[in-house]
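Down below is the structure, laid out as structure tokens.
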Amino acid sequence: MNHRYRKTIIAGNWKMNKTLTETKAFAEEIKPMLGKPKWCEVVLCVPYVNIPAAVRLFKDSRIAIGAENCHYESHGAYTGEVSAEMLKELGVKYVIIGHSERRQYYNETDFTVNKKVHAALEAGLYPIVCVGESLEQRELGVTMELIAYQVKAALAGVPADKMRHVVIAYEPIWAIGTGKTATAEQAAEVCESIRVVIRKLYGARVARAVTIQYGGSMNAKNAAELLAQPDIDGGLIGGASLKPADFTTIVNAANQE
Ligand code: 13P
């Protein structure tokens, strides 16, 4: 973390979890526990149908609400889809784009990720752009090249002045939902390399200011060590974000001056 130059952001990604009733129970439990963190921003990315309730429930807190995906067009004949504009109007601030589960199961490509980043920025949302390698790619020794490619493709055509709104999340696929966390060194190495890619694209000032999160089995036990790395500016948390106590512990680890 480095508060001097950039925001620390702890974001939960609920994926396809929690009904409306469970969302309300979660809010009631976590709000008094979490208080008002000063040194980090807290985000909960929830299923579309729970967004209006979540916005209402967390209105009086420091928790911002995010979505888990959006479409790249502002409107049109795309049955079952939701646009960035629709999310913005509901009070959504962040939107996860290019999560590996969407790349794996729903045909998300670097091309659609780039279009969605543009759509999100156009609508006034903050995209959390996910990149990450598979175990096979790591073992082949192509992690750095692949991540650089994913970052460049996602940001193609994004002007420097919009980069203040962009968050990058490094999520190695082999660490997601597996309980296998990247070591702090592995995570730091890739996050640092992402900052180098952004420096080459946009210069040192933009690179210094961009928030780069780590995601992949981040939990109450390992968060502090990961967050202590200078180039890891927060986390994108799946499983542990479903439990108020665990999520609060992670936020507290990030909420350090
Ligand atoms: P887990 O924290 O459950 O491994 O999920 C990480 C993730 O995919 C967050 O987007």
Side-chain angles (χ1 to χ4, degrees), residues 8-18 22 26 30 40-48 50-51 54 63-70 87 92-106 108 113 116-117 120 125-135 137-138 143 146-147 150-151 154 166-184 186-188 190-191 194 211-227 229 232-254:
T8 298
I9 304 174
I10 297 294
N13 173 11
W14 278 7
K15 310 191 179 183
M16 197 174 76
N17 288 294
K18 294 206 190 286
E22 289 165 343
F26 179 95
I30 202 166
C40 75
E41 178 148 358
V42 184
V43 184
L44 279 178
C45 299
V46 305
Y48 287 140
N50 291 334
I51 287 173
I63 297 186
I65 298 305
E68 301 175 11
N69 180 37
C70 69
L87 296 171
V92 165
K93 182 167 178 191
Y94 289 89
V95 58
I96 298 173
I97 290 176
H99 192 279
S100 62
E101 285 149 18
R102 297 214 60 90
R103 293 180 192 251
Q104 190 181 345
Y105 306 130
Y106 303 103
E108 191 84 87
V113 167
K116 289 180 178 191
V117 169
L125 297 177
Y126 289 62
I128 300 176
V129 183
C130 300
V131 297
E133 81 287 3
S134 65
L135 187 58
Q137 289 160 335
R138 177 159 281 266
T143 299
L146 179 88
I147 300 291
Q150 288 179 338
V151 171
V166 175
V167 176
I168 309 283
Y170 167 54
E171 296 208 306
I173 298 168
W174 48 272
I176 294 177
T178 56
K180 238 194 260 169
T181 321
T183 64
Q186 285 173 323
V190 179
C191 289
I194 292 172
T211 297
I212 303 175
Q213 300 173 312
Y214 167 78
S217 299
M218 193 188 259
N219 58 38
K221 286 210 182 82
N222 61 28
E225 192 192 354
L226 288 158
L227 293 167
Q229 308 300 314
I232 301 181
D233 310 313
L236 186 55
I237 295 123
S241 75
L242 300 170
K243 301 176 201 136
D246 289 12
F247 193 58
T248 302
T249 305
I250 297 171
V251 169
N252 289 342

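The analysis underlying the following values was restricted to heavy atoms, covering all of them including side chains, and did not include hydrogens, waters or symmetry mates. From a predicted model like this one, the values you see are computed outputs, not experimental measurements. Note that ligands are numbered from 1 as they come in the structure, with each ligand's atoms numbered from 1 the same way.
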Is the side chain of [X] donor-acceptor paired with the backbone N or O of [Y] at a distance under 3.5 Å, no angle test?
X      : Y      : result
Glu225 : Ala184 : no
Tyr94  : Ile96  : no
Lys93  : Tyr126 : no

Worksheet item: Heavy atom under 4.0 Å from ligand 1: found in Ala175's side chain, backbone, both, or neither?
Response: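 The answer is the backbone of Ala175.
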
Worksheet item: Which is it for Leu236 and ligand 1 at heavy atoms under 4.0 Å: side chain, backbone, both or neither?
Response: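 The part of Leu236 near ligand 1 is both the backbone and the side chain.
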
Would you say [X] has any N or O atom under 3.5 Å from an N or O of ligand 1, going by distance alone?
X      : result
Glu101 : no
Gly215 : no
Gly239 : yes
Gly238 : yes

Fill in: contact_flag Ala240 ligand 1 heavy-atom lt 4.0 Å
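Under 4.0 Å: no for Ala240.
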
Fill in: Closest non-hydrogen atom pair between Ser217 and Gly179, with its separation
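Heavy atoms of Ser217 and Gly179 come nearest at OG-N, 2.9 Å.
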
Practice prompt. Return yes when atom CD of Glu22 has more than 12 non-hydrogen atoms of other residues, nucleotides or ligands closer than 6.0 Å, and no otherwise.
Written response: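 Yes, enclosed.
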
Item to complete: Can you figure out which of Glu171, Met218, Lys180 has its heavy atom closest to atom 7 (C) of ligand 1?
Response: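 Looking at heavy atoms only, the winner is Glu171.
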
Discussion item. On a heavy-atom basis, I'd like to know which of Gly12, Ala169, Gly177 is closest to atom 4 (O) of ligand 1.
Written reply: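 Shortest heavy-atom distance from atom 4 (O) of ligand 1: Gly177.
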
Give the numbers and elements of all ligand 1 atoms closer than 4.0 Å to a heavy atom of [X].
X      : answer
Gly216 : 4 (O), 6 (C)
Ser217 : 1 (P), 2 (O), 4 (O)
Lys15  : 5 (O), 6 (C), 7 (C), 8 (O)
His99  : 7 (C), 8 (O), 9 (C), 10 (O)

Worksheet item: Is any side-chain heavy atom of Asn69 less than 4.5 Å from a side-chain heavy atom of His99?
Response: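 They are not in contact (no side-chain heavy atoms under 4.5 Å apart), so the answer is no.
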
Worksheet item: Would you say Arg102 and Val113 make side-chain contact, with heavy atoms under 4.5 Å?
Response: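 No, every pair of side-chain atoms sits at 4.5 Å or beyond.
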
Worksheet item: Say you draw a straight line from OG1 of Thr143 to OH of Tyr170; how long is it, rounded to the nearest 0.5 Å?
Response: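 Thr143 atom OG1 to Tyr170 atom OH measures 6.0 Å (nearest 0.5 Å).
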
Worksheet item: Which residues pass the side chain to side chain donor-acceptor pair (under 3.5 Å) test with Asn252, sequence neighbours left out?
Response: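 Asn252 satisfies side chain to side chain donor-acceptor pair (under 3.5 Å) with no residue once adjacent residues are dropped.
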
